[in-house]
Amino acid sequence: MVTPETLPMHPVRELQERCQQQAEGLEYKATRNGNLATVEVYVDGVQIGLAQNPQKKMAQKLAARNALVVLKEKETPALKDKIDDSGKKNNGEK
């Protein structure tokens, strides 16, 4: 059964909320070349997401999804380092 808790969050909303929690600046830049829309996602002035699609809204959604993947990949090594550091400290104490 689908409930609000099990329903996945829209990538644009998820990225917006994540950036607000981290106090990061979020900006979308959209351009159109013929019938192809290009959307770039910038977090604190650094481009981290890009997508193209005939529909601007879909390009924005895909760019936000790409940006979230990049941000989550950056967070994973940081979390892994914290776990390794705490594990090493615990091993050293024994």
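Computed from heavy atoms alone, side chains included, the values below leave out hydrogens, waters and symmetry copies.
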Fill in the blank from the handout: Shortest non-hydrogen pair, A63 vs A51, comes out as N-CB, 3.4 Å

Problem - Contacts of type salt bridge (Lys or Arg N to Asp or Glu O under 4.0 Å), residue R18, not counting sequence neighbours - result: E24, E75

Fill in the blank from the handout: CD of E14 to CZ of R65, rounded to nearest 0.5 Å, is 10.0 Å

Report all side-chain donor-acceptor pairs from residues 36-45 shorter than 3.5 Å, counting only partners two or more places apart or in another chain.
unit_1: T38; atom_1: OG1; unit_2: Q52; atom_2: NE2; d: 3.0
unit_1: E40; atom_1: OE2; unit_2: Y42; atom_2: OH; d: 3.1
unit_1: D44; atom_1: OD1; unit_2: G25; atom_2: N; d: 2.7

Exercise for the section: Check whether V46 and L68 end up in the same hydrophobic cluster, where Ile, Leu, Val, Met, Phe, Trp and Tyr are linked by side-chain heavy atoms less than 4.5 Å apart. Expected result: yes

Handout entry: Contacts of type side chain to side chain contact (heavy atoms under 4.5 Å, CB included), residue M58, not counting sequence neighbours
Key = N53, Q55, K61, L62

Exercise for the section: Walk me through it: do E17 and M9 pass the test side-chain contact (heavy atoms from CB on, under 4.5 Å)? Expected result: CA-CA 10 Å; E17 288 184 8; M9 191 180 301; 3.7 Å; yes

Handout entry: CG-CG distance between L15 and N66, expressed to the nearest 0.5 angstrom
Key = 11.0 Å

